[in-house]
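Order of the sequence lines fixes the chain letters, A, B, ..., with proteins taken first and strands second; residue numbering starts at 1 for each chain.
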Amino acid sequence: MTLLAALALATAPVTSTAPVISAALTDTNVRVSSDFSGARIILYGAVFDPSTWPSDVVVLVRGPEQPVRITRRHKVAGLWLNSPPVVFRGAPGFYRAASNRPLADIANFGTLRRLGAGMDHLPISAPAEQRTETRYGVRDVVVSRLGADYYVWRRAVVRLKQNAGLYDEDERGVRFVDRGLFRAEISLPAGAPTGVYRADILLFKDGRPVAVRSRTLTVEKVGLERALYVWAHVRPWSYGLASMVFALAAGWAASAAFRRD
Amino acid sequence: MDIYLPIAEVAVNAPLIVALGALVGFISGMFGIGGGFLMTPLLVFFGIPAPVAVSSMALHVAGSSMSSVMAYGRRRAVDLRMGGVLAAGGLVGAVVGVELFRVLRLLGQADLVVALSYLVFLSVIGGLMLTESLGAIVRRRRGEPALAHRDRRPIWLYGLPLKLRFPRSRLYISVIPPLVLGAFVGVLSAIMGVGGGFILVPAMIYVLRMPAGMVVGTSLLQIIVTTALTGVLQAGRNQTVDVVLATLLLIGGVVGAQLGARASSRFRAEELRAVLALIVLLVGLRMGLGLFLTPSEPFVLMSGMVG
């Protein structure tokens, strides 16, 4: 347990009165290879707080931003048809909020909204549907084409991502294992996007964030998966030609192998 | 044993996908069809994003058709000239189809067009085949002679210009009908992720009146050329071809196809047609059903194509 030893050493020289939070991930590099079926990463952290005032810990993990295209099905003459798609921006490809108690008990709405803490507070918007106009003499009022339905759409984005296992909120996700020492678990599904993830570990006191620590996590394709993915996206035409030649050759080889006469 | 697909970006159970390839390959070898109409919906059902399923199927259909066409070629059951004319139309159709599919995806209407195409084409073809084959079975049970083959070709086939001689098929007809047919099937192949054999074969028999022995081999030639182009275009334009997925399907598919071809000799032709008609009809109705049932989730995320 070198990690615990390091933590014990780090605790000793803290003399300042301001609370400090510290954290480390068991793994900062997730490798997606052909047998990838998700990953589990443990986050360990410690709170150095000279006062005895109770504090809360919130862990926010965000994947790279991925615009979301979403459509709504509606009935037209007995048929369920798709509406024109709406593009939402600002949605992380992966999101986890873990805390030691419900977020709503830790801080107020405004604070959570500002920090993007919690699935309801993600900075998701549909800029293509928005325009600013002057209403009742107030300039630059943001109006969405979706009107009152806007929040229904926005909630649908979060709900669908949640169903796909990409968004989650765990109000018991941060557990104090010892005085000042906590752990949280981040589970990545197989469909987690590749890219750089950021974990923000926040210390709350009296509903205000008093200390923050950020850690990055890289999810990357390796080996053959990476080679194929890069090839298919950087040189799509040669990739397409090569895979077609391969498929035709495989078909020809199979026919030759099964030839009876 | 899960395997991660690099382009589809999902993990799938590899033995399951190989078994799926073998099952569809068996059906395809048994009935002499590509089987794309069955495979694409199954892949979507198992969680492969629809655009990737449609595009990767082009590789699978091309590969498995390649393995079948060799056997027909050895039996001299391929009309190269007719296949060439059909394929020329197919090339145009494939280019149009891939672009059309791209526009439809941008508009968010790809799902609708795919579901409607399946519903209309599969139900019509399946219904016609079922009626025809059940009629043949009933007549045979009663001991009546089979319906006399109407050898009269439609007049308009001869009225059109640009006539060409097709010695293998013993035809002297205008190149326009086969060109149009090839183009139409090419568009469908790009949109539905199918080879198009289920439309091509009946059309060649009943419209072009080609000899039955030439039809399957020649249609396979057209399917190979069209799907080969479709696959390359889908990879180049949409980056949706997953070669790992196609390989898994091919492994099962070619083995299944050979076994299916052997099994087919044990059954009567009209019974085979009746079973195939049922499968075609069921897939068509199942795909179309989604248009009429109230969805449990009114919102749908659309994969890819964000920019």
Side-chain angles (χ1 to χ4, degrees), chain A residues 32-38 66-75 78-85 87 153 156-157 159-161 163-164 190-191 193-194 221 224-229 232-233 236-237 239-244 246-259 261, chain B residues 1-7 9-11 58-60 62-71 74 106-109 111-112 224 228 231-239 241-244 246-247 250-251 254-255 257-258 290-295 297-307:
Chain A
V32 177
S33 58
S34 63
D35 57 354
F36 182 70
S37 57
Q66 273 183 342
V68 174
R69 267 175 107 228
I70 185 172
T71 176
R72 185 184 203 168
R73 309 196 71 193
H74 54 107
K75 207 168 190 174
L79 291 178
W80 286 91
L81 304 182
N82 289 351
S83 71
V87 177
W153 282 79
V157 172
R159 185 173 63 240
L160 290 172
K161 289 273 191 186
N163 291 345
T194 52
K221 291 185 168 121
L224 183 66
E225 274 57 42
R226 179 181 169 77
L228 286 175
Y229 181 85
H233 284 86
W237 294 102
Y239 168 81
L241 273 176
S243 31
M244 188 50 74
F246 168 74
L248 292 175
W252 177 81
S255 125
F258 279 94
R259 192 172 172 172
D261 46 26
Chain B
M1 212 202 93
D2 280 3
I3 189 161
Y4 183 83
L5 303 176
I7 307 297
E9 302 193 312
V10 289
L59 255 69
H60 174 248
S64 54
S65 303
M66 188 73 186
S67 99
S68 322
V69 82
M70 305 297 284
R74 282 194 287 271
L106 278 173
L107 293 175
Q109 298 306 328
D111 298 351
L112 169 71
I224 291 174
V232 175
L233 285 176
Q234 296 278 27
R237 289 290 279 160
N238 300 331
Q239 283 104 52
V241 170
D242 198 310
V243 72
V244 176
T247 306
L250 267 174
I251 293 171
V254 290
V255 177
Q258 301 290 337
L291 287 173
F292 298 99
L293 292 181
T294 306
E297 167 65 65
F299 289 91
V300 188
L301 282 185
M302 316 188 78
S303 50
M305 294 280 290
V306 191

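For the set A:P84, A:A247, A:A256, the count of heavy-atom pairs under 4.5 angstrom toward chain B peaks at A:A247. Each of B:V244, B:I3, B:I251 has some count of heavy-atom pairs under 4.5 Å with chain A, and the biggest count is that of B:I3. Highest contact tally toward chain B, considering only A:A190, A:A254, A:S33, A:P85, is held by A:P85 [criterion: heavy-atom pairs under 4.5 Å]. Your options are B:G63, B:G236, B:P6, and the one with the most heavy-atom pairs under 4.5 Å with chain A is B:G236. Your options are B:T247, B:V69, B:L5, and the one with the most heavy-atom pairs under 4.5 Å with chain A is B:T247.
For chain A, no part of B:A246 is nearby; none of its heavy atoms comes within less than 4.5 Å. Only the backbone of B:L107 comes within contact range of chain A, judged by heavy atoms closer than 4.5 Å. Heavy-atom distances place both the backbone and the side chain of B:T294 under 4.5 Å from chain A. Heavy atoms of B:V255 lying under 4.5 Å from chain A belong to its backbone as well as its side chain. For B:V10, no part lies near chain A; criterion is any non-hydrogen pair under 4.5 Å. For a residue to count as touching a neighbouring chain, one of its non-hydrogen atoms must lie under 4.5 Å from one of that chain's; by this rule A:R226 does not touch chain B. In this structure, the portions of B:L233 lying under 4.5 Å from any heavy atom of chain A include both its backbone and its side chain.
For B:F292 against A:L79, the heavy-atom pair with the smallest separation is CE2-CD2, 3.2 Å. What you find for B:Q239 and A:A232 is that their closest heavy atoms are CG-O, 3.2 Å. The two residues B:E297 and A:N163 come nearest to each other via the heavy atoms OE1-ND2, 4.5 Å. Contact record, A:G240 with B:A235: CA-CB, 3.4 Å, taken as the closest heavy-atom pair. Of all the heavy atoms in B:V243 and A:Y239, the pair that sits closest is N-OH, 3.1 Å. Here the closest heavy-atom approach between residue A:W252 and residue B:M66 is recorded as N-CG, 3.8 Å.
Between B:F299 and A:T71 the shortest side-chain heavy-atom distance does not fall below 4.5 Å. Using a 4.5 Å heavy-atom threshold, the side chains of B:L112 and A:N82 count as separate.
Residues that satisfy the side chain to side chain donor-acceptor pair (under 3.5 Å) test with A:R72, not counting sequence neighbours, are A:D149. By the salt bridge (charged side-chain N to carboxylate O under 4.0 Å, His left out) test, B:R237 is found to be paired with B:E99, residues two or more places apart in sequence or in another chain being considered.
Note that CD of A:E225 is 10.0 Å distant from CD1 of B:I7, once rounded to the nearest 0.5 Å. Note that CG of B:L59 is 4.0 Å distant from CE of A:M244, once rounded to the nearest 0.5 Å.
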